[in-house]
J.: 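Please read through the structure below; I'll follow up with questions.
Order of appearance sets the numbers: ligands from 1, and atoms from 1 within every ligand. Numbers for residues simply follow the sequence, beginning at 1.
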Amino acid sequence: MIALGCDHGGYALKQEVIGYLKKNGIEYKDYGCYDEKACDYPIYGKAVANAVASGECDKGIIICGTGIGISIAANKVKGIRAALCHDTFSAEATRLHNDANVLAMGARVVGPGLALKIVDTFLNTEFSNEERHVRRISQIEE
Ligand code: RB5
């Protein structure tokens, strides 16, 4: 189960992500926002982070204009490793090395074509489980 969240700046790209998830038969819960009316990204970043941290959802995808504000908000929640990715190399690396459980993107930074490749890479890359990466993740203060 994938948790989705965005602010007004990320709404259109979130609709593209929903299309990708539906096409691939992946279940999701949409924590808002639900239109392009101006709203506050921390509300949606935290809602997705709480859904993932509580185990209600396996991973999250959050989108604002830059991806920065919403990722900062999500990373305040204990247990959340939200990675801001605008390329597929980073999306793969953050799963392999950081076991990132939330993907953040900026809709004003990437187009929908690249964004969906990033989502696909993020969702289809498993954590490496290598000792050095497990150790480093455990050193991140919560
Ligand atoms: C909203 O205008 C914009 O500030 C927001 O989408 C995001 O980029 C914040 O980091």
Side-chain angles (χ1 to χ4, degrees), residues 1-129 132-142:
M1 181 66 70
I2 306 299
L4 298 178
C6 68
D7 73 352
H8 53 289
Y11 177 77
L13 182 55
K14 188 179 71 180
Q15 300 311 114
E16 300 276 349
V17 172
I18 289 173
Y20 163 91
L21 295 174
K22 282 186 174 163
K23 194 172 143 201
N24 289 282
I26 300 169
E27 289 192 307
Y28 66 91
K29 281 188 193 168
D30 187 353
Y31 290 84
C33 66
Y34 303 110
D35 58 36
E36 291 186 312
K37 209 159 12 113
C39 61
D40 300 333
Y41 60 80
I43 295 168
Y44 306 100
K46 283 190 246 174
V48 167
N50 286 328
V52 174
S54 69
E56 197 178 322
C57 291
D58 307 304
K59 288 195 182 79
I61 299 173
I62 51 178
I63 307 168
C64 67
T66 59
I68 297 171
I70 203 160
S71 60
I72 292 172
N75 274 317
K76 295 290 179 192
V77 174
K78 187 173 161 60
I80 293 305
R81 293 177 299 282
L84 176 57
C85 299
H86 290 131
D87 63 89
T88 55
F89 175 83
S90 301
E92 183 182 42
T94 198
R95 288 291 307 128
L96 289 171
H97 294 192
N98 316 122
D99 197 14
N101 47 16
V102 174
L103 168 67
M105 295 185 293
R108 295 174 188 156
V109 183
V110 282
L114 176 55
L116 297 186
K117 290 263 184 214
I118 292 168
V119 167
D120 189 65
T121 303
F122 184 82
L123 295 182
N124 290 300
T125 306
E126 292 301 318
F127 177 47
S128 68
N129 231 347
R132 70 185 191 285
H133 294 310
V134 173
R135 183 181 70 240
R136 289 165 189 162
I137 291 168
S138 76
Q139 289 170 8
I140 299 171
E141 280 201 41
E142 304 235 341

J.: Any idea which heavy atoms bring N75 and I80 closest together, and the distance?
T.: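 Closest approach of N75 to I80: OD1-O, 3.3 Å.
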J.: Which pairs with one or both residues in residues 94-119 pass salt bridge (Lys or Arg N to Asp or Glu O under 4.0 Å), sequence neighbours excluded?
T.: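 Every salt bridge (Lys or Arg N to Asp or Glu O under 4.0 Å) pair that includes a residue of residues 94-119, provided the two are not neighbours, is R81-D99, R95-D99.
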J.: When you look for protein heavy atoms under 4.0 Å from ligand 1, which residues do they belong to?
T.: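 For ligand 1, the contacting residues are D7, H8, Y41, C64, G65, T66, G69, R108.
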J.: As a test of understanding, state which of L96, I137, N98 forms a side chain to side chain contact (heavy atoms under 4.5 Å, CB included) with F127.
T.: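 That would be I137; it is the only one of L96, I137, N98 passing the side chain to side chain contact (heavy atoms under 4.5 Å, CB included) with F127.
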J.: Let's go through M105 and V119 carefully: what are the C-alpha distance in whole Å and the side-chain angles of both, what is the deciding distance for side-chain contact (heavy atoms from CB on, under 4.5 Å) to 0.1 Å, and is it a yes or a no?
T.: CA-CA 9 Å; M105 295 185 293; V119 167; 3.7 Å; yes
J.: Which heavy-atom pair separates S71 from G67 by the least distance, and what is that distance?
T.: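 Closest heavy-atom pair between S71 and G67: OG-O, 2.8 Å.
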J.: Assess whether atom NZ of K59 is packed by more than 12 heavy atoms of other residues, nucleotides or ligands within 6.0 Å.
T.: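 Buried by this count: over 12 neighbours within 6.0 Å.
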